[in-house]
Amino acid sequence: MKRLIALGSLVLVFASCQKVIDVNLNEAAPQVVIESNYYASGDSVVAKLSYTSNYFSNEDSEKIANASVTITDPQGVPTVLNNAGNGRYDLFNYTPQYNGDYNLEVQLDGVTYSANSFLNDVTPLDSLPYQFIPQSIFGDSGYVLSMSLTDPIDEANYWRAIRVSSDTVNDNEDEIFLFDDEFVNGNVFQIPFFADRYAVGDTIFVELRSLDRVTYDYYTELISVLGGNSAAPTNPTTNWNNNALGYFAAWGRDTLSVVIEE
């Protein structure tokens with residue numbers, strides 16, 4: 001989260017003038033950062049807690065090891081996460097209840113931070129078709145992979161796709177692949193990975209995560225910030241209260257793999 005925080009000081013230099021204007025601002029007070037995922041398909045919850053650090057510091061952010069973290073299911077039953085140390089809190093064998101709202105609560109130094117995430121049903125991948133594309137001004141030659149899926153009717157759906165090829169996971173923050181069903185509601189459709197080209201013999205593993213709208217919007221803003229498309233870069237909108245940064249996301253996934261053949 002370090003690269004997403006606001007600057008703690010600002011220096012303005014006008015090259016065409018003889019005078020340098022130095023605006024001396026105090027460093028921003030550290031904020032609580034909570035990054036948490038309920039991996040419903042894996043029955044596990046992980047929360048990572050830390051404080052923001054000075055933008056200009058080379059040191060890692062301070063981890064929060066003295067918090068109490070609790071997740072509450074759609075029936076109102078709370079379960080405490082295990083303190084695994086070094087700012088990590090986890091819970092395993094936590095059976096999901098799909099189409100329900102989950103709440104994560106963090107107690108820290110007398111302050112309660114809470115966030116909600118709706119766990120949608122998992123959208124299955126139907127197939128992973130591919131097509132050979134000759135070299136052009138748009139890219140090298142190779143096979144372009146697509147995801148084929150059937151969109152659930154009469155509901156809004158939001159997804160994030162993760163690809164693995166040649167032991168490389170395309171799961172970096174600057175490689176986030178998001179899409180929704182705004183124009184395909186209730187239909188069978190295909191979404192291609194245009195940016196990638198594959199060769200005969202490649203094995204590609206695809207993971208399709210079914211998100212709620214809040215998580216989808218968070219990642220959309222994150223893409224804008226990391227891509228430099230925001231006029232005034234700031235942190236993505238969080239679902240945490242009390243000025244905490246980060247997110248809490250509950251999601252399930254479907255997976256499929258394919259081997260490229262001629």
Side-chain angles (χ1 to χ4, degrees), residues 1-4 35 37 39-42 46 120-153 155-231 233 235-236 247 249-262:
M1 292 299 297
K2 177 178 173 183
R3 58 181 167 178
L4 300 181
E35 296 176 288
N37 287 276
Y39 307 95
S41 298
V46 174
N120 285 304
D121 276 330
V122 174
T123 302
L125 286 162
D126 294 336
S127 62
L128 299 176
Y130 52 86
Q131 180 181 7
F132 182 79
I133 303 295
Q135 184 176 3
S136 69
I137 60 174
F138 301 106
D140 297 330
S141 63
Y143 289 88
V144 172
L145 183 73
S146 297
M147 295 174 291
S148 179
L149 55 150
T150 303
D151 178 65
I153 196 169
E155 64 181 60
N157 296 99
Y158 308 92
W159 300 283
R160 180 183 180 186
I162 310 296
R163 289 102 63 213
V164 180
S165 177
S166 302
D167 298 323
T168 299
V169 181
N170 296 317
D171 193 17
N172 297 326
E173 289 178 339
D174 57 354
E175 295 177 340
I176 298 173
F177 191 115
L178 301 172
F179 60 104
D180 60 29
D181 67 345
E182 181 178 1
F183 301 109
V184 295
N185 187 44
N187 295 316
V188 177
F189 67 101
Q190 292 184 8
I191 293 289
F193 296 106
F194 278 126
D196 299 311
R197 296 290 187 272
Y198 298 103
V200 173
D202 283 348
T203 299
I204 303 99
F205 171 92
V206 175
E207 173 183 310
L208 185 64
R209 301 177 180 178
S210 298
L211 311 176
D212 66 358
R213 177 61 185 268
V214 172
T215 305
Y216 179 85
D217 288 345
Y218 177 89
Y219 281 128
T220 300
E221 292 186 32
L222 183 63
I223 291 173
S224 179
V225 171
L226 296 180
N229 299 321
S230 176
N235 298 292
Y247 64 91
W251 48 268
R253 68 172 188 172
D254 190 37
T255 60
L256 206 59
S257 63
V258 66
V259 179
I260 302 297
E261 300 176 344
E262 290 187 276

- Message: Could you tell me if the side chain of Tyr130 sits less than 4.5 Å from the side chain of Glu261, heavy atoms only?
- Response: yes
- Query: Do other residues, nucleotides or ligands put more than 12 heavy atoms under 6.0 Å from the CZ atom of Phe132?
  - Reply: yes
- Note on the structure: Nearest heavy-atom contact between Leu178 and Ile176 is CG-CG2, 3.5 Å
- Side chain proximity check, Phe177 to Met147, heavy atoms < 4.5 angstrom: yes
- Task: Kindly indicate whether the side chain of Leu128, heavy atoms from C-beta on, has any atom under 4.5 Å from the side chain of Leu145.
- Result: yes
- Message: Counting neighbours of CD on Gln135 that are heavy atoms of other residues, nucleotides or ligands and sit closer than 6.0 Å, is the number greater than 12?
- Response: yes
- Query: For Leu211, does its backbone N or O pair with a side-chain atom of Asn120 as donor and acceptor, under 3.5 Å?
  - Reply: yes
- Item | Donor on one side chain, acceptor on other, Asn37 and Tyr247, under 3.5 Å | yes
- Query: So do the side chains of Phe193 and Arg163 get within less than 4.5 Å of each other, counting heavy atoms only?
  - Reply: yes
- Item | Between Thr215 and Asp212, a side-chain donor and acceptor under 3.5 Å | yes
- Could you tell me whether the side chain of Arg197 reaches within less than 4.5 Å of the side chain of Ser141, counting heavy atoms only? no
- Task: Kindly compute the distance separating CG (Leu208) from CG (Leu125), expressed to the nearest 0.5 Å.
- Result: 4.5 Å
- Query: Parallel, tilted or perpendicular for Phe179 and Phe189, by the 30°/60° rule?
  - Reply: perpendicular
- Message: To the closest 0.5 Å, what do you measure between OG1 (Thr203) and CD1 (Ile260)?
- Response: 8.5 Å
- Message: My understanding is that only one of Leu256, Ile162, Asp254 makes a side chain to side chain contact (heavy atoms under 4.5 Å, CB included) with Glu207; could you say which?
- Response: Ile162
- Message: Over 60° means perpendicular and under 30° means parallel, so tell me whether Tyr39 and Trp251 are parallel, tilted or perpendicular.
- Response: perpendicular
- Check: Trp159 and Asp151 side chains under 4.5 Å, non-hydrogen atoms: yes
- Query: Going from OG1 on Thr150 to CG on Asp181, what distance comes out if it is rounded to the nearest 0.5 angstrom?
  - Reply: 12.5 Å
- Query: Side chains of Asn157 and Ser210: do they bring a donor and an acceptor to under 3.5 Å?
  - Reply: no
- Measuring from Tyr218:OH to Ile223:CD1, what's the distance to the nearest 0.5 Å? 11.5 Å
- Is the cationic atom of Arg160 (NZ for Lys, CZ for Arg) positioned less than 6.0 Å from the six-membered ring centroid of Tyr219 and within 45 degrees of its normal? yes
- On a heavy-atom basis, the closest approach of Glu221 and Pro236 is OE1-CA, 3.4 Å
- Query: Roughly how far apart are Ser41 OG and Arg253 CZ, rounded to 0.5 Å?
  - Reply: 6.5 Å
- Message: Would you compute the distance between atom OH of Tyr216 and atom OH of Tyr158 and round it to the nearest 0.5 angstrom?
- Response: 8.0 Å
- Query: Any side-chain heavy atom of Ser148 within less than 4.5 Å of one from Val188?
  - Reply: yes
- Message: Applying side chain to side chain contact (heavy atoms under 4.5 Å, CB included) to Val200 and Tyr143, what does each step give before you reach the verdict?
- Response: CA-CA 8 Å; Val200 173; Tyr143 289 88; 3.7 Å; yes
